[in-house]
Amino acid sequence: MSPTSEPRRIDTDFLIIGGGIAGYQTAINLLPLGSVTLASRGSIASGSSYYAQGGLALPWGFNHEAVESHVSDTLRAGAGFCDAANVKVLVEGAEEAFATLVSLGVPFDRDSGGDLLLTREAAHSRPRIIHAGGDKTGSLIVKTLAQNVHGHERFSFLTPFRLHRLLKDEDSRVVGGLFMGEEGEDWISVRAGATILATGGFSALFARTTNPPSQVGDATAVASQAGARLERLAFTQFHPTVLDIPGQTPFLLTEALRGEGGHIVDQTGRRILYRYHPDGELAPRDVVSRSLWLETRERPDAKIFLSVAHLSGEYLRTRFPQVYYHCLDAGIDLARDPAPIRPAAHFQMGGVRTDMDGRTDLPGLYAVGEVASTRVHGANRLASNSLLEALVMGHRVVRAIAGEREGWSRKPPLRGEEDRPDRGWTSEEEASGHLTLEDLKTLLWEKAGIVRTSSLVASGKAQVAAALEGGKMGKSLPKEALLHNALTLARLLFEDLETAPRVGSNYFLEDGTPEPKPMNSAPGSGS
Ligand code: SIN
């Protein structure tokens, strides 16, 4: 294709961008209403949903008391930053979401009598998390959802394509997207009545992360460039128990291991966390990650491990097969050996601002799942509420779209919106003013990581600004456009950090914030 040729064109009723749980759940619900095109960067294994281990949190029993308790735990974990009304909507939507998954055939784990097995994770006051395949919950849910849409006569799948631009009409309504093939040569314009972002978060913008490499927030930056409001970008959740083996990709060791009695210990076997929080290993995730950071700062020679040696090999192989065999391949038999751990960036509470029906600030554009900021997670998400949000919002957004579609005018995009850009430069270094994507990830980990200071934030922001100003700002080749978008998002994140509240996940060590003191006399230390 020559640089000036027209992109191919597809017309569809609904365009979904992102092929994880939120995207497929939305697709299933939209198919009765019209044609659906789902565009994705890759297979289902390229997104975060596929790797979700812990499970799906539900107000099990679905009665008033169960809902109240789930809401209250969510608010407590969120460190004062949840929208309580939205949390209630989320938790009340769980029963429908669960019933849909069961009817579609998700193989949730059950006991021999057929009752669902419930587990617990940190900051949950009771066991309420269901799981599938032991620790393969995310992959089994997304596979089941995908099987239910692929092959449907109204469903089209576009991959591997990345969103380059959202298309707008003369009324500034979003009317689809312009996509670029992964090699930068194939361009497709998808015109749609409604466009739904389901592209996940951007924790892979941090050097140490549990997310797959595609999760760098590319589409979030594109949405921002189109005028969608982003918020709470500074609310990054760092997961505390991530396998730490030099030279190996970080690997999540699910919080359910602690829910089932796992201990966080140092090299002498001493439990660490009761020094910091009365709930020990079951303290909220942000507290645990910060405690580990503080512990290693106080004792630089300390080595931190997760120990589940109280569980038998047989139990671990059935209940946590993914984790068990991954560790075994790395030479760690969890039935016997403690696993070295270090926190990693895991989830973004903020993103594209939406209401509880998935509407963004831009008409025609909706967002569901981790890409969206619904304010249900506050400054620190309660474990296993993310799959719940993706599923519940995948129902709610479709109801909103169904109610609004009569009023859509289906005007064409403005002239020029579907043009592919000219190639602006030829090397990644030129694009970024000599900062590579890997450099940027290291910069974010070091300057916007678990514990921040104003001077780190200021210098990180200045480096990102210099890279953006130093590079040539054409955006044609995929790698270059990706880097440009990553830098744009990083700049917005640093800007948000400058004004973000100095609490919760945004932990700052200065500006009058008292440092948390270990609770030296707390129970459990030394055991
Ligand atoms: C985990 O399994 O520890 C992660 C679950 C989650 O992120 O909610």
Side-chain angles (χ1 to χ4, degrees), residues 17-18 40-42 46-48 160-166 177 179-180 182 184 197 199-226 228 230-236 238 249-250 344-348 350-352 367 370-371 373 421 424-449 456-457 459-497:
I17 308 166
S40 169
R41 295 275 310 277
S46 67
S48 289
F161 279 92
R162 60 171 295 276
L163 177 67
H164 180 74
R165 175 190 301 140
L166 288 166
F179 292 85
M180 179 194 318
E182 285 293 328
L197 284 179
T199 42
F202 54 88
S203 289
L205 264 190
F206 292 78
R208 197 171 152 71
T209 180
T210 61
N211 285 200
S214 68
Q215 296 304 142
V216 288
D218 201 28
T220 305
V222 173
S224 163
Q225 281 148 16
L230 309 188
E231 66 174 14
R232 298 185 166 199
L233 299 184
F235 283 171
T236 298
F238 295 89
T249 306
H346 180 61
F347 186 87
Q348 300 299 326
V352 179
E370 190 179 346
V371 68
S373 172
W425 56 76
T426 50
S427 75
E428 193 179 337
E429 285 73 22
E430 260 189 279
S432 67
H434 306 288
L435 193 75
T436 65
L437 188 56
E438 294 314 307
D439 293 337
L440 178 63
K441 291 177 178 184
T442 302
L443 187 153
L444 279 167
W445 177 251
E446 288 172 353
K447 303 199 167 170
L456 283 176
V457 168
S459 83
K461 185 182 162 197
Q463 273 177 275
V464 169
L468 275 167
E469 278 151 28
K472 295 180 192 168
M473 287 304 131
K475 292 193 294 175
S476 61
L477 292 176
K479 249 174 106 181
E480 297 158 354
L482 192 75
L483 179 57
H484 181 267
N485 287 344
L487 283 164
T488 305
L489 198 54
R491 188 188 61 204
L492 294 170
L493 190 149
F494 278 117
E495 282 170 10
D496 195 37
L497 270 172

K.L.:
Quick check for you: to the nearest 0.5 Å, what is the distance between I17 atom CD1 and F161 atom CZ?
P.N.:
13.0 Å
K.L.:
Look up atom CG in L456 and atom NZ in K461, then write down how far apart they are to the nearest 0.5 Å.
P.N.:
14.5 Å
K.L.:
In this structure, which one of L489, V216, V464 forms a side-chain contact (heavy atoms from CB on, under 4.5 Å) with L440?
P.N.:
V464
K.L.:
If I take atom CD from residue Q215 and atom OG1 from residue T199, how far apart are they, to the nearest 0.5 angstrom?
P.N.:
7.5 Å
K.L.:
Closest heavy-atom contact between L166 and A223?
P.N.:
CD1-CA, 3.8 Å
K.L.:
How many angstroms lie between atom CG of L444 and atom CZ of R208, to the nearest 0.5 angstrom?
P.N.:
15.5 Å
K.L.:
What's the shortest heavy-atom distance between S203 and E370, and which atoms?
P.N.:
OG-OE2, 4.5 Å
K.L.:
For D218, which of H484, H164, R162 qualifies under side-chain hydrogen bond (donor to acceptor under 3.5 Å, both in side chains)?
P.N.:
R162
K.L.:
Calculate, to the nearest 0.5 Å, the distance between atoms OG and CG belonging to S214 and L482 respectively.
P.N.:
9.5 Å
K.L.:
Write down the atom of T209, the atom of A345, and the distance for their closest heavy-atom approach.
P.N.:
OG1-O, 3.1 Å
K.L.:
How close do S46 and R41 get, heavy atom to heavy atom, and via which atoms?
P.N.:
OG-C, 4.5 Å
K.L.:
Please confirm whether F347 and F238 have ring centers closer than 6.0 angstrom.
P.N.:
no
K.L.:
On a heavy-atom basis, which atom in S373 and which in G351 lie closest, and how many Å separate them?
P.N.:
CB-N, 3.5 Å
K.L.:
Can you name the closest pair of heavy atoms from L435 and L483 and give their distance?
P.N.:
O-CD2, 3.5 Å
K.L.:
Got a donor-acceptor contact below 3.5 angstrom from the T442 side chain to the E438 backbone?
P.N.:
yes
K.L.:
Go through the steps to decide whether T236 and Q348 satisfy the test side-chain contact (heavy atoms from CB on, under 4.5 Å), and finish with yes or no.
P.N.:
CA-CA 5 Å; T236 298; Q348 300 299 326; 3.1 Å; yes
K.L.:
Checking side-chain polar atoms at under 3.5 Å, does N485 have a donor or acceptor matched by the opposite partner on T488?
P.N.:
no
K.L.:
Look up atom NZ in K447 and atom CG in L497, then write down how far apart they are to the nearest 0.5 Å.
P.N.:
13.0 Å
K.L.:
Do S48 and P212 come within less than 4.5 Å of each other through their side chains, counting heavy atoms only?
P.N.:
yes
K.L.:
Can you tell me if D496 uses its side chain to pair, donor with acceptor, with the backbone of L493 under 3.5 Å?
P.N.:
no
K.L.:
Take F202 and L233, measure what side-chain contact (heavy atoms from CB on, under 4.5 Å) needs, and give me the verdict at the end.
P.N.:
CA-CA 10 Å; F202 54 88; L233 299 184; 4.0 Å; yes
